[in-house]
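Being a predicted model, the structure only gives us computed values, none of them experimental.
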Amino acid sequence: MNKIILTPSFKKAYKKFVKRFPFLKIKIDESIRLLEANIYDPKLQTHKLSGELFGSLACSCGYDCRIVFYFDGLQESKDGKIILITIGTHDEVY
């Protein structure tokens, strides 16, 4: 199983986002648990990013909610570190 690591910037963005959209908290927490089990779970719609965020990935945790992260480990492996960078709306994180 993957290990989730929350960066200070993610923690701050998470608190701010949940304060604005409290109804998404359960969905976000569920998405983080899915990430821990399998970063490519179809429900997450995980995709690679380009540009300034090249090397990072993003997943969806609701209609307009994205988590940006990077995976430290072998892609084929289920034992790696997932470092959560930030969370926000599509426009906020990209």
Closest non-hydrogen atom pair, Leu24 against Cys61: CD2-O, 4.5 Å
Can you label the angle between the Phe21 ring and the Phe17 ring as parallel, tilted or perpendicular, going by 30° and 60°? tilted
Among the clusters formed by ILVMFWY side chains lying less than 4.5 Å apart, do Phe23 and Tyr14 turn up in the same one? yes
Could you give me the CA-CA distance, side-chain angles and deciding distance for Arg66 and Leu49, then say whether side chain to side chain contact (heavy atoms under 4.5 Å, CB included) is met? CA-CA 12 Å; Arg66 304 289 186 276; Leu49 300 176; over 6 Å; no
Pair Lys16 + Glu92: basic N to acidic O under 4.0 Å: no
With a 4.5 Å cut-off on side-chain heavy-atom distances among I, L, V, M, F, W and Y, is there a chain of contacts connecting Ile5 to Val93? yes
Membership question, hydrophobic clusters at under 4.5 Å side-chain separation (ILVMFWY): are Leu34 and Phe10 in the same one? yes
For Leu84 and Leu35, what are the C-alpha separation, side-chain angles and deciding distance, and is it a side chain to side chain contact (heavy atoms under 4.5 Å, CB included)? CA-CA 10 Å; Leu84 303 184; Leu35 267 176; 4.0 Å; yes
Let me check something: do Ile32 and Ile82 share a hydrophobic cluster, defined by ILVMFWY side-chain heavy atoms less than 4.5 Å apart, either directly or through other members? yes
Between Asp29 and Arg33, is there a salt bridge with N-O shorter than 4.0 Å? no
So, for Asp41 and Lys43, which heavy atoms are closest and what is the spacing to 0.1 Å? OD1-N, 2.9 Å
Before giving the answer on side chain to side chain contact (heavy atoms under 4.5 Å, CB included), spell out for Ile83 and Phe69 the whole-Å C-alpha distance, their side-chain angles and the decisive distance to 0.1 Å. CA-CA 5 Å; Ile83 295 90; Phe69 66 96; 6.0 Å; no
Taking the side chain as everything from C-beta on, heavy atoms only, tell me whether Asn2 gets closer than 4.5 Å to Ile4. no
Taking only residues two or more places apart in sequence, or in another chain, which ones meet Tyr70 in a ring pair (Phe, Tyr, Trp, His ring centres under 6.0 Å)? none
Same cluster or not: Leu57 versus Tyr94, using hydrophobic residues (I, L, V, M, F, W, Y) connected whenever any side-chain heavy atoms lie under 4.5 Å apart? no
Is a side-chain donor or acceptor of Ser9 paired with a backbone partner of Thr86 at a separation under 3.5 angstrom? no
Shortest non-hydrogen contact between Ile39 and Leu44, atoms and distance: O-CD1, 3.9 Å
Test side chain to side chain contact (heavy atoms under 4.5 Å, CB included) on His90 and Tyr63 and set out the steps. CA-CA 9 Å; His90 182 277; Tyr63 173 71; over 6 Å; no
